[in-house]
There are 2 protein chains.
Amino acid sequence: MDLGERKRRILQAIIDDYITTADPVGSRTIAKRHDLGLSSATIRNEMADLEEMGFLAQPHTSAGRIPSDRGYRLYVDQLMNRYRLTMAEINRMRHALELRMQEFDRLIEQYSNIISQITQYTTVVLPPQMKKSAIKHLQLVLIDQNHILLIIITSTGFVKNHTIRVTQKVDGDFLSRLSLILNDKLSGLTIEEINLPKIQEIQKEMCSNEEILMPILNHVSDSVKDIDDTHIFLGGTTNIFNFPEYKDIERAKEFFGFLEQKKDLQTLLSSGDNTRKINIIIGEENKFFEIKDCSVVMSHYSIGNKVVGTIGVIGPTRMEYAKVVSSLEYLTQHLNCMLSQLYGESNTSEKD
Amino acid sequence: MDLGERKRRILQAIIDDYITTADPVGSRTIAKRHDLGLSSATIRNEMADLEEMGFLAQPHTSAGRIPSDRGYRLYVDQLMNRYRLTMAEINRMRHALELRMQEFDRLIEQYSNIISQITQYTTVVLPPQMKKSAIKHLQLVLIDQNHILLIIITSTGFVKNHTIRVTQKVDGDFLSRLSLILNDKLSGLTIEEINLPKIQEIQKEMCSNEEILMPILNHVSDSVKDIDDTHIFLGGTTNIFNFPEYKDIERAKEFFGFLEQKKDLQTLLSSGDNTRKINIIIGEENKFFEIKDCSVVMSHYSIGNKVVGTIGVIGPTRMEYAKVVSSLEYLTQHLNCMLSQLYGESNTSEKD
DNA sequence: GTTAGCACTCAACAGATAAGAGTGCTAACA
DNA sequence: TGTTAGCACTCTTATCTGTTGAGTGCTAAC
C-alpha cells in the first residue's frame, strides 16, 4: 500500500517527535516544529487518515497521536533517516574499545556495556552456543585420584571445562589413552551429534577396564550435554528506569522479571533471521507478554563467516531506532574484526 | 543500658508488627494485637521513652512509630525470637536441593535461587576468591600453533582456564617441560604470591628458548593476575518490587544501580567478621549511600574448615531477620556439606 | 484541496473537605 | 505512684470539585 509522499512525511515527523518526547504529538506541534508548509488543520486530516489505516493510535479522544506497532514497522523499514554517529560518539566507542580484553567473556561484557552506554538502552548478549559448534579437541586431565578434568575446545576456539568426579582410582596413563581415542572418535562432530552409539563405539575400542571406563564415559556424555549453561550477558539494565514508560513500578517489574527469566530471553534472541544483518522486533511482534511494549534490535556477530552469537538492544517501542541501528552496526563490525583476529586464524591454520 | 522487661517487650512487639505490616505502628494496635495486659495509654508513654532513647522514630507527628537502625540492632542482638522453619519450608528446600548439581557455578546459583525463593528477598553470593587460595596444579595445553590453554587448579578444587595467544610457534614438548617447571616453582603458593622474582627464577631454569619463553611467561603472569573476574551471583533481584518501600521508582533505581555496580557489592560482602557464623548489617551501618535503607544478613560458607565465600540476603531494613537467619543457617550448613563432599576429600587425599 | 474557527472532550492540576489514625496531655482511679 | 480513660490537636490520605489547556472533529469559507 502506498501512502503518498505527504502522509509519509507527516508520519515520519510524528514518529520522530514521539521518539524524542514520549508525549502524544498533536497536529499543531507538527505544524510548528517541522517545516512541512501545511497548517495544523491539514495535518489533522491526514492524521485521522493515518489512524484509520492503523499507523497511529490515540490514547483517548483529544490526546495527540502515538505510533502503533504497525507505524513503527513502516518507520524502520522505509521512513527513518540513517543516523550518522557523531565524532564524539565514535571517539567514545573507540576509546572504550581500546582497553585490553583477552578473555572472551570479558570482551563480550565490555561490548555489552559500551552499547548500553552509547544507546542508553538495555543490552543483551547471547554468547556462542557450544552445542552448535564442532569439537576440535578433547582432553582429560587427572586432578587427583577422585577428580578428572574434561576440557573441550571447539572449532571456534572456545574452551570449556568440567570436573568429573569418580569413585574408583584412575591413573594418568589410562586417561591419556582415553583422551586419544575420544579425540579420534569425537572431534569434528558437534556436541549435539554425540550419542549413545558413538559412546559405545569408544567403549568397544578401549575394551580393557570396562568397569572403570563406563562411569567416566557416562560423565563425559553428561557433561558434554549440559555444557551450554545459558549464560546471558546483560548491560545497562537500570537504563530502563530513565524512560517515562517505566515510571510505573509494575511495568518495571515485568521488564526485570523477563530479563531474569533467561530462557525466554534466549528464545527471543535466537528468533532473528540469520541472513539479515539487523533484525528488529517491534512491540507485540514478539510473543512474550512481559515485553509487549518493548522493541528489540538485534545484530548477529560472527567469527570468520560463521555467525556465533547475537547482540540485542531492548527498550520501549518508542526507541531511537536509527541511532541504535547505527551503533549496533558499528560495534558488531568491530567485534567481528576483534573475534576473527583473536579466534579466527586458528580456524584456518590447520585441522587435526 | 538496660531497658527493663516491659520496654523490651513493647519494643519487640512494635518491631515484629512493623516487619510484617510495613506501616508505622501505633499504641492502640500494640495494645490490641499483643496481649501485654497494658492499655494503649501506658504503651504510649513507653513508646515516647523508647523514642527518646533512640530505638524508635516517628515519620511525622501523629503517625505511629517505626524502629530506628538502633532499634533493629537491639532487636536482632537480643530481642527477636528464633524463627523455627516450618516443615513445609524445610521440605521445599530439601526438594529443591535434590536436583543434581555438578558444576560449581550452578551449585552456587541454585543455592542463591533457593534462598531468594524461601526468604523473598534478594540474594547475593560471593564465590570463592581464587587469589586467596593456593595453586595446586598448573598445566599448559597446546590448542593450536597460536593458542595455548593455561589451566589452574587450586587447592580448594576449583578450576580456571585462560587462553593465551602467542605469535611464535610452540611445540607440545616444550609446553610439557614448561608445565613441569611451573608446577615445581609455583604450586603451593597463592596467586597473590606470584611475583616477578618467581617468574625470573623460572626463566633461568628454562634457559633455552628465551625469545619464545618470555611472552608465554608474561602471559601466564598476566592471566594469573586477573583471574578473579568479580563474578557475583544474584538471585531474586525482582523480589525488591514486592516491598512497599520500593514502590517509589527512585528507590528501586538506586537499589538496582547498586546491584549492577558489582565492586561495591563485593566490598560489602567482604566486610563481615569471618569468625561469626552470621553477620548482620543494618541500614546506615553500611557505608553505601544507595542502600542506606537496606539491611544485609550474611553467612560464610566453607570447604572443610576454610571459609571460601559469602552468601548475603539483602532487603529493606524492615526485614524478617529471624526467618532469614534461620534459612541462611540451614542452607549454609547444607552447602558446606555439599562442598566438602564434592571438593573437600581431594584436599586431604594427597599433596603433590 | 486547504485553511480558519468553533464547540467539544479529556487529562491533569489545584484546592477544599472529610475521614481516620495516632499522639500528647490532663485528670481520675487503684 | 503507676495506670487508665478521655479529649483536643495534628497530620495524612482519599475524594470531590472546578479550572485549565491541549487537541480533536466538523463546518464553512477561501
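Lettering of chains follows the sequences in order, A, B, ..., and the numbering in each one begins at 1. Atoms considered below: every heavy atom in the structure, side chains included; atoms not considered: hydrogens, waters and symmetry mates.
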Once you round it to whole Å, what is the distance between [atom2] of [N] and [atom1] of [X]?
X	N	atom1	atom2	result
B/Met47	C/dA21	CE	P	16 Å
B/Arg33	C/dA21	CZ	P	13 Å
A/Asp49	D/dT24	CG	P	13 Å
A/Ile10	C/dT2	CD1	P	10 Å

Please name all residues satisfying side-chain hydrogen bond (donor to acceptor under 3.5 Å, both in side chains) with [X], sequence neighbours left out, ordered by chain then number.
X	value
B/Asp17	B/Arg33, B/His34
A/Thr123	none
A/Ser295	A/Tyr321
B/Tyr330	B/Arg94

Report, one pair per line, the protein and nucleotides 1-3 of chain D atoms (nitrogen or oxygen only) whose separation is under 3.5 Å.
| unit_1 | atom_1 | unit_2 | atom_2 | d |
| --- | --- | --- | --- | --- |
| D/dT3 | OP1 | B/Arg6 | NH1 | 2.6 |
| D/dT3 | OP2 | B/Arg6 | NH1 | 3.2 |
| D/dT3 | OP2 | B/Arg6 | NH2 | 3.0 |

Would you tabulate the side-chain donor-acceptor contacts of residues 56-66 of chain A under 3.5 Å, counting partners in other chains and residues two or more places apart, or write 'none'?
| unit_1 | atom_1 | unit_2 | atom_2 | d |
| --- | --- | --- | --- | --- |
| A/Gln58 | NE2 | A/Ala63 | O | 3.3 |
| A/Arg65 | NE | A/Glu51 | OE1 | 2.6 |
| A/Arg65 | NH2 | A/Glu51 | OE1 | 3.0 |

Close residues, residues 56-69 of chain B, relative to DNA chain D [heavy-atom separation under 4.0 Å]: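 Contacting residues: B/His60, B/Thr61, B/Ser62.
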Any residue of residues 14-31 of chain B with a heavy atom less than 4.0 Å from an atom of DNA chain D: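 Contacting residues: none.
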Pairing residues for B/Phe256 by the ring-ring contact (aromatic ring centres under 6.0 Å, His included) criterion, not counting sequence neighbours: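 B/Phe256 satisfies ring-ring contact (aromatic ring centres under 6.0 Å, His included) with A/Phe241, A/Phe256, B/Phe241 once adjacent residues are dropped.
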Donor-acceptor pair present, B/Arg44 side chain and C/dG24 base, under 3.5 Å: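 Side chain to base: pair found, below 3.5 Å.
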Polar side chain donor-acceptor pair, A/Ser270 to A/Thr267, under 3.5 angstrom: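 The answer is no; no qualifying pair exists.
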Donor-acceptor pair between A/Ser327 and A/Glu89 side chains, under 3.5 angstrom: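 No, no side-chain donor-acceptor contact under 3.5 Å.
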Set of salt bridge (Lys or Arg N to Asp or Glu O under 4.0 Å) partners for B/Lys7, sequence neighbours left out: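 Residues passing salt bridge (Lys or Arg N to Asp or Glu O under 4.0 Å) with B/Lys7: B/Glu46, B/Asp49.
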Residue list, salt bridge (Lys or Arg N to Asp or Glu O under 4.0 Å) with B/Lys253, at least two apart or on another chain: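 Per chain and number, B/Lys253 pairs via salt bridge (Lys or Arg N to Asp or Glu O under 4.0 Å) with no residue.
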Five-pair end axes of the helix from C/dG1-D/dC30 to C/dA30-D/dT1 and the angle they enclose, rounded to 10°: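 If I round to tens, the end axes sit 20° apart.
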Over 12 non-hydrogen atoms of neighbours within 6.0 angstrom of NZ in A/Lys292: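 Yes.
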Ring centres under 6.0 angstrom apart (A/Phe243, A/Tyr121):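 Yes, close enough.
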A/Leu268 and A/Ile281, any side-chain heavy atoms less than 4.5 Å apart: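 SC-SC contact between A/Ile281 and A/Leu268 confirmed.
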